[in-house]
S.K.: 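What follows is a single structure, and I will ask about it in a moment.
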Amino acid sequence: IFSTKQIASFKLQAATMPTFSKLATQAGISEVSGKWFIKDVEDPVNLVLHGEEVKSQEARFGHQPLVGHVRKDEQFFHMDVQMGGFPMVACMLSEEKDGHPGESAKLLQFSNGGVWSKDAPLNKPQTKSASAGIPMSEVKKHNSKDSAWVVLHGKVYDLTEFLPDHPGGDKVVLDWAGKDATKFWSAIHKQDWIQEYTKPEWCLGPLGPEPAVPEDAKLKAAEDEIKALKSELQRLTAAPSKPSPGLQDAMNIAKPTAPALKADAPPLMSDVP
C-alpha cells in the first residue's frame, strides 16, 4: 500500500520518463541483482538477491547496507526498502535501447525520488540555466521554512520539502538555509550520502558566479552614492537657520546678568541729590 506522497512521487517521476514502463515482478526479480548506479556517484551499488531478500554488498547507507523485500504477490516489481534507516518503496522500470532490439535499460525508481540505473550511469542533459550556475546572492534569499536552499559540495539544493523529515529536526537545516553547509555536512556525513537521501529534483544546479554588472550601471551606482554623501555632508556642516531649543537654553544660561545690590550697600553716585 502506497502513501499519497509516494504515489505523487511515482507519478511525477513517470511524467519525466515517459518512455519507461514498469517491469513485471518475475522479470524484475531476475534483473535486480547486479551493479546499480546512483546519479552523480561514481561507484556502483552491488545488489544481491538472497531468497526473498535483496541486499547491497556495501554498507554505504549510514554505515548500513540497503535491505529490500520483493512484493511477490503484485503484478509489477515493487520492493520494500530500508536504506540508511529510511523506509521507502522501489519499483523497476524498463526501456528498450535505441538500435538494440531485445535489449533494454533498467531503472530502480524510489519513492523518495531517487533513480538508479543498471550497469551504466544515467546521464540527463543539463538545462542551460542549471549549467550556468546559481549565484550565492540568490541562495541567500532562500533562508526560511517557505524556501530553504543549501549549498553542498558546490551544488545548490532546495531542502524545503525535507524539513519535516530531517532526522535531526528542521532547525539544523534552517540554521544553514541560504548558506554553504559543505564543511558542516562533511564533518558528519560522506559526500555520496547527498544523492542517497535527496530527490534528484531537489538539486537545482551548481553554484555559479555572481552575474556581471554592466559598467554603466556600476558608474551610475557610484555617482548616486557620491551625490548622497555630498548631500549628507552639506547637511551636517551647514549653519542652523535658527537656534534649536537646546541651543537656546544653553545661550540663556550663559548670558551675563547684572549683580544684585546688597541692602546695606552705599548709594550710587547717581542717587545722591
S.K.: To the nearest 0.5 Å, what is the distance between OG1 (T160) and NE2 (H142)?
M.R.: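 Spacing of OG1 (T160) from NE2 (H142) equals 9.0 Å.
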S.K.: Is the number of heavy atoms from other residues, nucleotides or ligands within 6.0 Å of CD (E225) greater than 12?
M.R.: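 No - once you tally the heavy atoms of other residues, nucleotides and ligands closer than 6.0 Å, there are 12 at most.
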S.K.: Shared ILVMFWY cluster between L204 and M136, side chains joined below 4.5 angstrom?
M.R.: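 Same cluster.
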S.K.: Of all heavy-atom pairs between P87 and G85, which one has the smallest distance, and what is that distance?
M.R.: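 P87 and G85 have their closest heavy atoms at CD-O, 3.7 Å.
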S.K.: With sequence neighbours excluded, tell me which residues meet side-chain hydrogen bond (donor to acceptor under 3.5 Å, both in side chains) with D175.
M.R.: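 By the side-chain hydrogen bond (donor to acceptor under 3.5 Å, both in side chains) rule, D175 matches K171.
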S.K.: Determine whether K72 and E52 satisfy the following criterion, side chain to side chain contact (heavy atoms under 4.5 Å, CB included), listing intermediate values before the conclusion.
M.R.: CA-CA 9 Å; K72 292 187 175 182; E52 297 184 358; 3.4 Å; yes
S.K.: In terms of hydrophobic clusters joined by side-chain contacts under 4.5 Å, are V67 and I29 together?
M.R.: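 The answer is no; the residues belong to distinct hydrophobic clusters.
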S.K.: What do the steps show when you test Q57 against V48 for side chain to side chain contact (heavy atoms under 4.5 Å, CB included), and what is the final call?
M.R.: CA-CA 7 Å; Q57 293 181 335; V48 180; 3.4 Å; yes
S.K.: Go through S94 and S104 one step at a time and tell me if the side chain to side chain donor-acceptor pair (under 3.5 Å) criterion holds.
M.R.: CA-CA 6 Å; S94 176; S104 60; 3.2 Å; yes
S.K.: Apply side chain to side chain contact (heavy atoms under 4.5 Å, CB included) to the pair M92 and V32, showing each step before the final yes or no.
M.R.: CA-CA 8 Å; M92 192 178 296; V32 70; 4.0 Å; yes
S.K.: Which class fits the ring pair F61 and W116: parallel under 30°, tilted 30 to 60°, perpendicular over 60°?
M.R.: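 Parallel: the ring planes of F61 and W116 meet at under 30°.
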S.K.: Rounded at 0.5 Å granularity, tell me how far CD in E74 sits from CE in M79.
M.R.: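 Here the rounded value is 12.5 Å.
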S.K.: Once ring pair (Phe, Tyr, Trp, His ring centres under 6.0 Å) is applied, do any residues pair with W176, and if so which ones, sequence neighbours excluded?
M.R.: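 Partners of W176 under the ring pair (Phe, Tyr, Trp, His ring centres under 6.0 Å) test: F184.
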S.K.: Within a radius of less than 6.0 Å around NE2 of H63, do more than 12 heavy atoms belonging to other residues, nucleotides or ligands occur?
M.R.: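 Result for NE2/H63: open.
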S.K.: In chain order, what residues pass the salt bridge (Lys or Arg N to Asp or Glu O under 4.0 Å) check against E31, with sequence neighbours excluded?
M.R.: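 Listed in chain order: K106, K118.
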S.K.: Check whether any side-chain heavy atom of L66 lies under 4.5 Å from a side-chain heavy atom of K55, and answer yes or no.
M.R.: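 No; the side chains remain at least 4.5 Å from each other.
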S.K.: Any sub-3.5 Å donor-acceptor pair from S30's side-chain atoms to A27's backbone N or O?
M.R.: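 Confirmed, S30 side chain pairs with A27 backbone.
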S.K.: Would you indicate whether the side-chain heavy atoms of N46 and E58 approach each other to under 4.5 Å?
M.R.: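 SC-SC contact between E58 and N46 confirmed.
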S.K.: Hey, are the side chains of F110 and V89 touching, using non-hydrogen atoms and a 4.5 Å cut-off?
M.R.: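 No, too far: nothing below the 4.5 Å cut-off.
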S.K.: Looking at S137, is its backbone amide N or carbonyl O close enough to the side chain of E210 to form a donor-acceptor pair, meaning the two atoms are under 3.5 Å apart?
M.R.: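 Answer holds: yes.
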S.K.: When rounded to the nearest 0.5 angstrom, what distance separates OG in S33 from CG in L47?
M.R.: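 The distance works out to 7.5 Å.
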S.K.: Going from NZ on K35 to CG on D43, what distance comes out if it is rounded to the nearest 0.5 angstrom?
M.R.: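 That separation rounds to 10.0 Å.
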S.K.: Restricting to non-hydrogen atoms, name the atom on A177 and the atom on V150 that form the minimum distance, rounded to 0.1 Å.
M.R.: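 Shortest heavy-atom separation between A177 and V150 comes out as CA-CG2, 4.0 Å.
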S.K.: Sub-3.5 Å donor-acceptor pair from the side chain of T182 to the main-chain atoms of H153, do we have one?
M.R.: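 A pair under 3.5 Å: yes.
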S.K.: For a 4.5 angstrom cut-off between non-hydrogen side-chain atoms, does K145 reach L174?
M.R.: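 Yes, their side chains come closer than 4.5 Å.
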S.K.: Roughly how far apart are S111 OG and D80 CG, rounded to 0.5 Å?
M.R.: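 Spacing of OG (S111) from CG (D80) equals 9.0 Å.
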S.K.: Show the numbers, then the answer: is there a side chain to side chain contact (heavy atoms under 4.5 Å, CB included) between S56 and V45?
M.R.: CA-CA 7 Å; S56 66; V45 178; 3.7 Å; yes
S.K.: Can you find a pair of side-chain heavy atoms, one from I134 and one from W149, that are under 4.5 Å apart?
M.R.: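 They are in side-chain contact.
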S.K.: Would you call the rings of F162 and W202 parallel, tilted or perpendicular, where under 30° means parallel and over 60° means perpendicular?
M.R.: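 Judged by the thresholds at 30° and 60°, the geometry between F162 and W202 is tilted.
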S.K.: Side chains of N143 and K141, heavy atoms from C-beta outward: is any pair under 4.5 Å?
M.R.: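 A side-chain contact is absent here, since even the closest heavy-atom pair is not under 4.5 Å.
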S.K.: Going only through I, L, V, M, F, W and Y residues with side-chain contacts under 4.5 Å, is there a path from F37 to M83?
M.R.: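 No, because F37 and M83 fall into different hydrophobic clusters, even though each may have its own neighbours under 4.5 Å.
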S.K.: Side-chain heavy atoms nearer than 4.5 Å, only ILVMFWY residues, links allowed to pass through others: does that put L163 and M88 together?
M.R.: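 Cluster IDs for L163 and M88 match.
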S.K.: Do you reckon L23 sits in the same ILVMFWY cluster as F76, going by side-chain contacts under 4.5 Å, direct or chained?
M.R.: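 L23 does not cluster with F76.
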S.K.: Is there a donor in the side chain of H78 and an acceptor in the side chain of T25, or the other way round, less than 3.5 Å apart?
M.R.: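 Judged by distance alone, the side chains do not pair up.
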S.K.: Is V54 close to V70 at the side-chain level, that is, under 4.5 Å between some pair of heavy atoms?
M.R.: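 Yes, close enough: below the 4.5 Å cut-off.
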